[in-house]
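Read the structure below first, then the notes.
Given the structure is predicted, the values throughout are model-derived calculations rather than measurements. What you see below is based on every heavy atom in this structure, not just the backbone, and it leaves out hydrogens, waters and symmetry mates.
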Amino acid sequence: MSKIEHIKGDIFSLIGYDIVFAIDSTFTCDVGICKQINDSYGIEKALRAIPLEDSKWRGKGFCISFAKSAQNFHALVVKPLPQVYPEYENIKEALMSLAANISQKNNIITPKIAMPKVCCGNYDKREWPLIEDIIKKVFAGIDCDILIVEKE
């Protein structure tokens with residue numbers, strides 16, 4: 001069963017947590033936490049190196065899990081373009097894809113993921129209570145520690 005905890009702090013100072021973030025299918029990392037992650041880890045280049053068929057927007061959300069500089073990332077691809085608000089169904093599909101990726105690796109240790117309030121910032125403007133409810137439902141049967149990190 002997943003454990004969800006909320007903290008205030010710096011997501012980049014956590015040790016032992018995979019970082020989860022939301023992005024559009026163009027993999028543009030010029031705003032929000034995506035920009036911060038890209039500035040620290042150069043993820044935009046890593047995302048663009050993924051084969052097109054694995055990263056192509058097909059009208060529904062999905063997750064791309066990858067490692068960069070000894071840090072694991074999970075990119076929730078929730079919308080086709082930067083200027084489009086993500087639909088809740090696409091967010092749910094991306095979170096389900098993340099849960100499936102985590103379940104595949106869940107044979108040895110309990111995964112630990114950290115994420116901001118995905119899709120709820122200045123750019124995506126979704127409602128956190130709805131997103132949190134989706135997270136709780138999607139991860140209900142999965143052994144995973146989830147840390148929701150808000151900036152101080």
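- Clustering ILVMFWY residues whenever any of their side-chain heavy atoms sit less than 4.5 angstrom apart, transitively, puts Val77 in a cluster other than the one holding Tyr85.
- Between Phe62 and Trp57, the ring planes are tilted. Angles from 30° to 60° get that label.
- Atom CD of Gln71 has more than 12 heavy atoms from other residues, nucleotides or ligands within 6.0 Å.
- When side chains are defined from C-beta on, Phe73 does not count as touching Val20, because their heavy atoms never get closer than 4.5 Å.
- For the residue pair Ala22 and Cys34, the shortest heavy atom distance occurs at O-SG, 3.2 Å.
- When the side chains of ILVMFWY residues are joined at heavy-atom separations under 4.5 Å, either directly or via intervening members, Leu98 and Leu130 end up in a single hydrophobic cluster.
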side-chain contact (heavy atoms from CB on, under 4.5 Å) assessment of Ile64 paired with Phe27: CA-CA 11 Å; Ile64 298 173; Phe27 303 140; 3.7 Å; yes
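- Seen from the ring of Tyr41, Lys68 does not count as a face-on cation partner, given the 6.0 Å and 45° thresholds.
- Considering only heavy atoms from C-beta on, Pro111 stays 4.5 Å or farther from Asp145 through its side chain.
- Nearest heavy-atom pair, Val78 versus Asn90, reported as atom, atom and distance to 0.1 Å: O-CB, 3.4 Å.
- Ile4 is listed as a side-chain neighbour of Lys136, based on a closest heavy-atom distance under 4.5 Å.
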side-chain contact (heavy atoms from CB on, under 4.5 Å) between Leu95 and Ile135, worked out: CA-CA 7 Å; Leu95 287 164; Ile135 292 169; 3.7 Å; yes
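- Under the 3.5 Å distance criterion, the side-chain polar atoms of Tyr88 are matched with a main-chain donor or acceptor of Glu127.
- Residue Lys3 holds its NZ atom at 10.5 Å from SG of Cys144, rounded to the nearest 0.5 Å.
- Distance check: Ile23 CD1 to Ile43 CD1 gives 5.5 Å after rounding to the nearest 0.5 Å.
- Taking the side chain as every heavy atom from C-beta outward, Asp124 and Lys79 approach each other to under 4.5 Å.
- Between Phe66 and Asn72, every side-chain heavy-atom pair lies at or beyond the 4.5 Å cut-off.
- In terms of heavy atoms, Ser97 sits closest to Cys63 at OG-N, 3.0 Å.
- Atom-to-atom distance recorded for Ser25:OG and Leu47:CG is 11.5 Å, nearest 0.5 angstrom.
- For Ala99 against Val138, the heavy-atom pair with the smallest separation is CB-CG1, 3.8 Å.
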Steps toward side-chain contact (heavy atoms from CB on, under 4.5 Å) verdict (Ile148, Lys117): CA-CA 6 Å; Ile148 309 299; Lys117 289 184 174 181; 3.9 Å; yes
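- Between Trp128 and Val118, the closest heavy-atom pair is CZ3-N, 3.9 Å.
- Annotation: the span from Ile91 atom CD1 to Ile131 atom CD1 amounts to 3.5 Å, rounded to 0.5 Å.
- Follow the hydrophobic side-chain contacts under 4.5 Å out from Ile19 and you never reach Val31; the two are in separate clusters.
- When atom types are taken as modelled, the side chain of Glu44 and the backbone of Cys29 share a donor-acceptor pair closer than 3.5 angstrom.
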Worked verdict on Ile113 versus His74 for side-chain contact (heavy atoms from CB on, under 4.5 Å): CA-CA 9 Å; Ile113 59 174; His74 304 279; 4.3 Å; yes
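- Donor-acceptor pairing under 3.5 Å is recorded for the side chains of Thr26 and Asp24.
- With rounding to the nearest 0.5 angstrom, the CE atom of Met115 is 10.5 Å from the CG atom of Asp18.
- Taking the side chain as every heavy atom from C-beta outward, Cys120 and Lys125 never approach each other to under 4.5 Å.
- One finds the CZ atom of Phe21 at 8.0 Å from the CG atom of Leu76 (value rounded to the nearest 0.5 Å).
- Judged purely by atom type and a 3.5 angstrom limit, Ser40 has no side-chain atom pairing as donor or acceptor with the backbone of Ile37.
- Side chains of Glu132 and His6 form a contact here, defined as non-hydrogen atoms less than 4.5 Å apart.
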